[in-house]
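Working notes for the structure below.
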There are 2 protein chains.
Amino acid sequence: VNNSYKLVGKSVFNAPNLKIIMSVQFKDICDIRKPYKDETETFLEVHLESRDPIVLFGHWFEKARATPNIDEPNSMTLATVKSNGRPAARTVLMKGFGQDGFRFFTNYRGAKAQQIEQTPFAALVFYWPLLCRSVRVEGAVEKLDKLASDEYFNRRPRANQIAAHVSQNQSAPVSSRQALLDRQEKITNEFEGKEVTRPDFWGGYVVQPDLMEFWQGQGSRMSDRIVFTKKNETSGDFVQEGDNGWVYQRLEP
Amino acid sequence: VNNSYKLVGKSVFNAPNLKIIMSVQFKDICDIRKPYKDETETFLEVHLESRDPIVLFGHWFEKARATPNIDEPNSMTLATVKSNGRPAARTVLMKGFGQDGFRFFTNYRGAKAQQIEQTPFAALVFYWPLLCRSVRVEGAVEKLDKLASDEYFNRRPRANQIAAHVSQNQSAPVSSRQALLDRQEKITNEFEGKEVTRPDFWGGYVVQPDLMEFWQGQGSRMSDRIVFTKKNETSGDFVQEGDNGWVYQRLEP
């Protein structure tokens, strides 16, 4: 392992505090390198199961679900924009998808909800390394209606329903885990013998895609990328007609 | 499976094009639910291996590397902001980390590079579902210097070095995979018997963290979240002193 790397304008060996350097010497992991697909498994336009990217997503998602050792096929990164114009991101669980988009549920008072309120657009990334596949989504975000939020809330395990009430101001500082446990106990007692109703501050969103990219990692990093965009927003020599108002094209890897 | 969900303002059963609906009926996956940690494995402040988040990241990362079936422990989502102020995100491989930040390498002409050029801030998400752990990072992005980019480039497999030359305008449309293969063959021939030098348009970036959050998923969704921020930028009742210019606090899940 070579620790002589320099970062921009500053060598790790010239930093002012040697103690820091000793404890966090630059970790070089450049040689972690897994094989991707080889040329017998390229992802060509003729392999598209559908020219509607939502339907195509369904095929890829079902393949991920059916693949052993893909632990949470529905986990996705949700990227949003903060009030200072900088990006933020975290993992959430996708709870359904259809022609209108991708759904997830959360606390409407948390950081991501505040960001969506101000900039109602999101990017999603599904990544299934065991398949060497990824799907990227970009689109507008809308709140789901109360009925849909109720319906999903009512199907959650009771402990999760109670947890929604416990986290009253998601992302706000709290004194300790014990403070949360005390609140959990109090709320559990309050609901004893009763149905746990959805708190007003908890519910769903749907990300409505206007861009969907399908990526398959290939050997020698000659990876396949096919991106779908809305028909009226894209033109160019290499654009191909998709279904249901979409077009698609291949991108350089 | 209940397909009667409504999306905001529009039922999937009232949509204008029945053919679309038939082919992409709403996929309800709400009941995919994996167990997270239980209360014997809470992540408390006393469990922090370090109060320097970079050092703490090192501990978590090494645990991920040592865990069987974590396929690409160094894969991370990179979120950026587009010129229209909306978010974008994709998976990249982290190639090293240290006191100055997290490194990755890419094409300087691609979409993410253009976005970083305009808004030089990024968010990163590491997610290791088998550990029920995630680390989120936010910070400014800088280009690595040429020396560091050369050094990493020279260690890549030759085929990957050639691929960097082949993808001349990353994210630009291309006619077909065959067009890329033809270019790959031409460039391979040009370099025959010679060292493959790094193209000017390919190199590294470092994301310099000003926020790092450590998340551990817990049963009943009472998950643990401990966030580190720079000392001078954070105050409040629950802020605790960290090391090397950082403070930390627990957040509501």
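Lettering follows sequence order; numbering is per chain, from 1.
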So, do [X] and [Y] sit near enough that their side-chain heavy atoms are less than 4.5 Å apart?
X      : Y      : result
A:E213 : B:R90  : no
B:S175 : A:D237 : no
A:R177 : B:E45  : no

For this session: Please identify each residue that fulfils ring pair (Phe, Tyr, Trp, His ring centres under 6.0 Å) with A:F57, with sequence neighbours left out.
Result: A:F61, A:F97, A:F102, A:F126

Structural part of [X] lying under 4.5 Å from a heavy atom of chain A:
X      : result
B:Q170 : both
B:L93  : side chain
B:F238 : side chain
B:S171 : both

Heavy atoms only, distances under 4.5 angstrom: which of [options] has the most pairs with chain A? Name it, please.
options                        : value
B:K82, B:Q178, B:R158, B:Q240  : B:K82
B:L180, B:N69, B:V227          : B:L180
B:P157, B:S167, B:G110, B:A179 : B:S167

Going from [atom1] on [X] to [atom2] on [Y], what distance comes out if it is rounded to the nearest 0.5 angstrom?
X      : Y      : atom1 : atom2 : value
A:D28  : B:K95  : CG    : NZ    : 9.5 Å
B:N107 : A:E252 : CG    : CD    : 8.0 Å
B:T119 : A:N84  : OG1   : CG    : 10.5 Å
B:E72  : A:L130 : CD    : CG    : 9.5 Å
B:T80  : A:R86  : OG1   : CZ    : 14.5 Å

If every non-hydrogen atom of [X] is compared with every non-hydrogen atom of [Y], which pair is closest and at what distance?
X      : Y      : answer
B:A79  : A:A89  : CB-CB, 4.0 Å
A:R250 : B:S176 : CD-C, 3.6 Å
A:T77  : B:V125 : CG2-CG2, 4.0 Å

Problem set entry | Residue B:K146 excluded, over 12 heavy atoms near NZ under 6.0 Å |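 Open.
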
Exercise. With sequence neighbours left out, what residues match A:T234 under side chain to side chain contact (heavy atoms under 4.5 Å, CB included)?
Worked result: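 With neighbours one apart ignored, the set is A:T229, A:V239, A:V247, A:Q249.
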
